[in-house]
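Below: the structure, in structure tokens.
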Amino acid sequence: EVQLVESGGGLVQPGGSLTLSCAASGFTGDDYCIGWIRQAPGKDREGIACISGSDGKAWYVESLKGRFTISRDSANNTIYLQMNDLKPEDTATYYCAYKDRNLPYSFLHRLAIDHWGQGTPVTVSS
């Protein structure tokens, strides 16, 4: 069973930075995409980024590319999301997510996810 445990959320001022972590376990092989999805209050879930299990290539939704960076520590099965220049509109619950197939478009734009973490809240406010 795939398990995803997020950490690192909290309160940050506008313009600040925050790094989220996701400890992943229970998966085998490398045909997958793992990454981050967020949901702002009163809004639909939105894909952010994912990493392909086979080659570590990072995929982003265009609107967030540049401020957000996804990375992984393969030795520890941990995924990170570095968020810079945070804005109040980045306030959301951030979910670690896993898709059994390496289909980044499906992950990011159709949110066809097979396993979800419990989410970690991020509030951007002064």
Side-chain angles (χ1 to χ4, degrees):
E1 178 73 20
V2 174
Q3 293 190 332
L4 307 168
V5 181
E6 304 96 332
S7 60
L11 175 64
V12 61
Q13 292 188 342
S17 298
L18 201 63
T19 299
L20 306 181
S21 301
C22 171
S25 62
F27 56 94
T28 59
D30 61 5
D31 187 12
Y32 63 84
C33 212
I34 185 169
W36 298 91
I37 289 170
R38 71 182 183 181
Q39 186 168 23
K43 295 189 176 181
D44 293 335
R45 288 184 175 180
E46 174 187 27
I48 300 172
C50 72
I51 284 185
S52 297
S54 57
D55 59 7
K57 183 173 180 178
W59 304 83
Y60 296 89
V61 292
E62 198 62 31
S63 60
L64 295 174
K65 193 175 183 179
R67 293 195 300 123
F68 290 17
T69 303
I70 191 171
S71 61
R72 72 175 179 179
D73 178 347
S74 297
N76 294 311
N77 283 337
T78 301
I79 305 298
Y80 302 97
L81 185 68
Q82 170 72 38
M83 304 184 291
N84 297 324
D85 189 24
L86 284 163
K87 307 175 187 302
E89 52 264 40
D90 294 317
T91 294
T93 297
Y94 285 71
Y95 296 91
C96 186
Y98 176 98
K99 180 168 181 60
D100 286 333
R101 297 284 307 280
N102 184 22
L103 298 170
Y105 182 90
S106 184
F107 182 111
L108 294 173
H109 300 288
R110 296 180 179 173
L111 306 185
I113 302 301
D114 296 293
H115 302 278
W116 295 87
Q118 81 285 357
T120 186
V122 172
T123 301
V124 184
S125 175
S126 55

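Because only heavy atoms are used, hydrogens play no part in the values below, and waters and symmetry mates are left out as well, while side chains stay in.
Side-chain N or O atoms of Tyr94 include none that pairs as donor or acceptor with a backbone N or O of Glu6 at under 3.5 Å. For Gln118 (side chain) and Val5 (main-chain N/O), no donor-acceptor pair under 3.5 Å exists by modelled atom type. Checked by atom type and distance alone, the side chain of Asp30 never pairs as donor or acceptor with a backbone atom of Gly53 at under 3.5 Å. Of the possible polar contacts, one joining the Thr78 side chain to the Asn76 backbone as a donor-acceptor pair under 3.5 Å is found. Checked by atom type and distance alone, the side chain of Lys99 never pairs as donor or acceptor with a backbone atom of Pro104 at under 3.5 Å.
Within a 6.0 Å sphere centred on CD of Gln82, other residues, nucleotides and ligands contribute more than 12 heavy atoms. Remark: Lys87 NZ is packed, more than 12 non-hydrogen atoms of other residues, nucleotides or ligands lying under 6.0 Å away. Other residues, nucleotides and ligands contribute only 12 or fewer heavy atoms inside 6.0 Å of the CG atom of Asp44.
Linking ILVMFWY side-chain heavy atoms closer than 4.5 Å, directly or via other members, places Ile51 and Trp116 in a single hydrophobic cluster. Two different hydrophobic clusters hold Tyr80 and Val12 under the rule that ILVMFWY side chains link at heavy-atom gaps under 4.5 Å.
The CG atom of Leu108 lies 7.5 Å from the CD1 atom of Ile37; values are rounded to the nearest 0.5 Å. Atoms SG and CG, from Cys33 and Leu103 in turn, are 8.0 Å apart once rounded to the nearest 0.5 Å. Leu20 contributes atom CG, which lies 13.0 Å from atom OH of Tyr95 (distance to the nearest 0.5 angstrom). Expressed to the nearest 0.5 Å, how far CG of Asp31 lies from CG of Asn102 amounts to 6.0 Å. Distance check, rounded to the nearest 0.5 Å: CD1 of Ile79 to OG of Ser21 gives 10.0 Å. Atom CD in Glu46 sits 9.0 Å away from atom CG in Leu111 (nearest 0.5 Å).
Sorted by first then second residue, the disulfide bond (SG atoms under 2.5 Å apart) pairs that include residues 96-126, not counting sequence neighbours, are Cys22-Cys96.
Closest heavy-atom contact between Asp90 and Arg38: OD1-NH1, 2.9 Å. When every heavy atom of Ile70 is checked against every heavy atom of Ala58, the shortest pair comes out as CG2-CB, 3.6 Å. Listed here is the closest heavy atom pair of Val122 and Gly9: CG2-CA, 4.1 Å. Taking each heavy atom of Ser52 and Arg72 in turn, the nearest pair found is O-NH1, 3.7 Å.
The side-chain heavy atoms of Trp36 and Met83, taken from C-beta on, include no pair separated by under 4.5 Å. With contacts defined as side-chain heavy-atom distances shorter than 4.5 Å, the pair Asp114/Val2 does not qualify. Counting heavy atoms from C-beta outward, Ser25 and Asn77 have side chains that stay 4.5 Å or more apart. A 4.5 Å side-chain heavy-atom check between Arg101 and Ser106 finds every atom pair outside the cut-off.
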Checklist entry - When you look at Tyr60 and Thr69, which way does the side-chain contact (heavy atoms from CB on, under 4.5 Å) test go after all the steps? => result CA-CA 9 Å; Tyr60 296 89; Thr69 303; 3.7 Å; yes
Checklist entry - Could you go step by step and tell me if Ile113 and Phe107 meet the side-chain contact (heavy atoms from CB on, under 4.5 Å) rule? => result CA-CA 6 Å; Ile113 302 301; Phe107 182 111; 3.5 Å; yes
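Taking the six-membered ring where the residue is Trp, the centroids of Tyr98 and Tyr32 are separated by under 6.0 Å.
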